[in-house]
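One structure, as structure tokens, below. Some questions next.
Treat the numbers as computed from the prediction; the structure is a model and nothing was measured.
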Amino acid sequence: MRVERVDDRIRFPEGAPFDVEELLAQPLVARVATRGPVVRPVWYLWEDSAFWVFVGPWSRLMRQLPDDPVFDLVVDVCEVHSGLVRQVRAHGTGTVEPFDVPRARRKLVRYLGRHEERWDPRFSLAGDPQARELRLARLAPDVMSAHDMTFRPSLPDGSPGEGDRA
């Protein structure tokens, strides 16, 4: 199922193959592709009909988007033991935005949990984000699609059989 941006929003209809908002609310890893192609795994926040990812001095994405803002992105789940296979693909335009600490916190809580004091120091939101050159990439899709390719595993419990190991 394919949908396009209308009135600056992306909305999947009730007839979508699964609840896209629910899938995108999970702490999954997305893969973003830009010119080259260059594909990079990213943690993301789906909010305001856009994917938000951290960028900074370490990130080619921060330098690349101003000159070439086109991106493709995929978020997927593939559980071979249960047969659950779902995919959301997005194509659109990216921009580099100022760092928004509340938005960044909402993103990190998804992946690292609510106990900020226990987070790895690399993810600390303390200090001045501008001095650390932190920014957010806003990846706003013009087109998105959702696909459910779920299958029934061959074994009742989903575990590999004797002859299935490589």
Looking only at heavy atoms, what is the nearest atom pair of R40 and Q64, with distance? NH2-OE1, 3.6 Å
Note: R35-D67 ion pair, threshold 4.0 Å (strictly below): no
Does atom CZ (R132) have a neighbourhood of more than 12 heavy atoms from anything else shown, all under 6.0 Å? yes
Supply the atom-to-atom distance R138 CZ to L45 CG, rounded to the nearest 0.5 angstrom. 12.0 Å
Distance col, row L84:CG vs F151:CZ, nearest 0.5 angstrom, shows 9.0 Å
Under 4.0 Å between a side-chain nitrogen and a carboxylate oxygen: does that hold for K107 and E47? no
Should we count CD of E14 as having more than 12 external heavy atoms under 6.0 Å? no
Is W43 linked to V74 within one hydrophobic cluster, defined over Ile, Leu, Val, Met, Phe, Trp and Tyr using a side-chain heavy-atom separation of less than 4.5 Å? no
Quick check: do D68 and T34 have side-chain heavy atoms less than 4.5 Å from each other? no
When you group the ILVMFWY residues by side-chain heavy-atom contacts below 4.5 Å and let the links chain together, are L28 and V85 in the same group? no
Tell me whether V101 shares a hydrophobic cluster with V96, the cluster being built from Ile, Leu, Val, Met, Phe, Trp, Tyr side chains joined at under 4.5 Å. yes
Check ion pair R9-D7 (N to O, under 4.0 angstrom): no
Are side-chain heavy atoms of L61 and F54 found at a separation under 4.5 Å? no
Is there a path of hydrophobic side-chain contacts, each under 4.5 Å between heavy atoms, that joins V29 and L24? yes
Measuring only between side-chain heavy atoms, which start at C-beta, is E4 closer than 4.5 Å to R2? yes
Could you see if W58 belongs to whatever hydrophobic cluster contains L108? Use Ile, Leu, Val, Met, Phe, Trp, Tyr and a side-chain cutoff under 4.5 Å. yes
Does some side-chain heavy atom of H147 sit less than 4.5 Å from a side-chain heavy atom of D76? no
Please examine the side chains of L73 and P141, heavy atoms only from C-beta on, and report whether any two atoms are closer than 4.5 Å. no
Looking at side-chain heavy atoms only, is the closest gap between R31 and V75 below 4.5 Å? no
Determine whether L23 and W46 make a side-chain contact, defined as any pair of heavy atoms from C-beta on separated by less than 4.5 Å. no
If you round to the nearest 0.5 Å, how far is CG of D120 from CG of L112? 8.0 Å
If you count heavy atoms of other groups shown closer than 6.0 angstrom to CZ of R114, is the number above 12? no
Has the side chain of S49 got a donor or acceptor atom that lies under 3.5 Å from a matching backbone atom of I10? yes
Shortest non-hydrogen separation from S124 to A126 and the atoms involved: OG-N, 3.1 Å
Is any side-chain heavy atom of V143 less than 4.5 Å from a side-chain heavy atom of R89? no
From L139 atom CG to T95 atom OG1, the distance as rounded to the nearest 0.5 Å: 8.0 Å
If only atom types and distance count, is the side chain of Y111 paired as donor or acceptor with the main-chain N or O of Y44 below 3.5 Å? yes
Which is it for R60 and V55 under the side chain to side chain contact (heavy atoms under 4.5 Å, CB included) test, yes or no, and what are the steps along the way? CA-CA 8 Å; R60 271 195 276 165; V55 292; over 6 Å; no
Any donor-acceptor N/O pair, R152 side chain to G83 backbone, under 3.5 Å: no
Where is the tightest heavy-atom contact between A90 and F51, given as atom of each residue plus distance? CB-CE1, 3.9 Å
For the side chain of D128 and the backbone of Q130, is there at least one donor-acceptor N/O pair under 3.5 Å apart? yes
Got a second to check how far E79's CD is from T150's OG1, nearest 0.5 Å? 9.0 Å
How far does CZ of R103 sit from CG of D48, to the nearest 0.5 angstrom? 5.0 Å
Using every non-hydrogen atom in the two residues, find where A146 and P17 come nearest and quote the distance to one decimal. O-CG, 3.7 Å
